Amino acid sequence: MTLSKGQLAVTGQLVIVNDLQNRIYQGLSQVASVINNLATIKEIAECGSDIISDVEASVKLAKCDPVLLLFAEGRARFQNAG
């Protein structure tokens, strides 16, 4: 085997390894993106759960003292206007 044939064989193997490395990198990048999206979805779900808990607590409070709804509505209107 001559030197040039050996160099050609090594070059061919390096091309294959480089292609494999690029595919692995792309796959890992996609996995990282999915994990980031899932983390964002989890945060959104936690916020939604907190909102639901707050609304439930407000409804319970309003059942005990409906006059508080007037103050809550006034406060909400004031915040939305400003």
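Below, all heavy atoms of this structure are taken into account, side chains as well, without hydrogens, waters or symmetry copies. Predicted model only: the values in this text are computed from it and were never measured.
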Please tabulate, for side-chain N and O atoms in residues 24-40, each donor-acceptor pair with protein atoms closer than 3.5 Å (sequence neighbours left out).
residue: Ser29; atom: OG; partner: Tyr25; partner atom: O; Å: 2.9
residue: Asn36; atom: ND2; partner: Ala32; partner atom: O; Å: 3.4
residue: Asn37; atom: ND2; partner: Ser33; partner atom: O; Å: 3.4
residue: Thr40; atom: OG1; partner: Asn36; partner atom: O; Å: 3.1

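- Through direct or indirect side-chain contacts shorter than 4.5 Å among Ile, Leu, Val, Met, Phe, Trp and Tyr, Val59 is connected to Ile51, Val55.
- Annotation: salt bridge (Lys or Arg N to Asp or Glu O under 4.0 Å) contacts of Glu46 (sequence neighbours excluded): Lys42.
- Apart from Leu14 itself, the hydrophobic cluster it occupies contains Val10, where clustering links Ile, Leu, Val, Met, Phe, Trp and Tyr at side-chain heavy-atom distances under 4.5 Å.
- Counting only residues at least two apart or in different chains, side-chain hydrogen bond (donor to acceptor under 3.5 Å, both in side chains) contacts with residues 10-23 comprise Asp19-Arg23.
- The side-chain hydrogen bond (donor to acceptor under 3.5 Å, both in side chains) contacts involving residues 50-68 comprise nothing, where partners must be two or more places apart or lie in separate chains.
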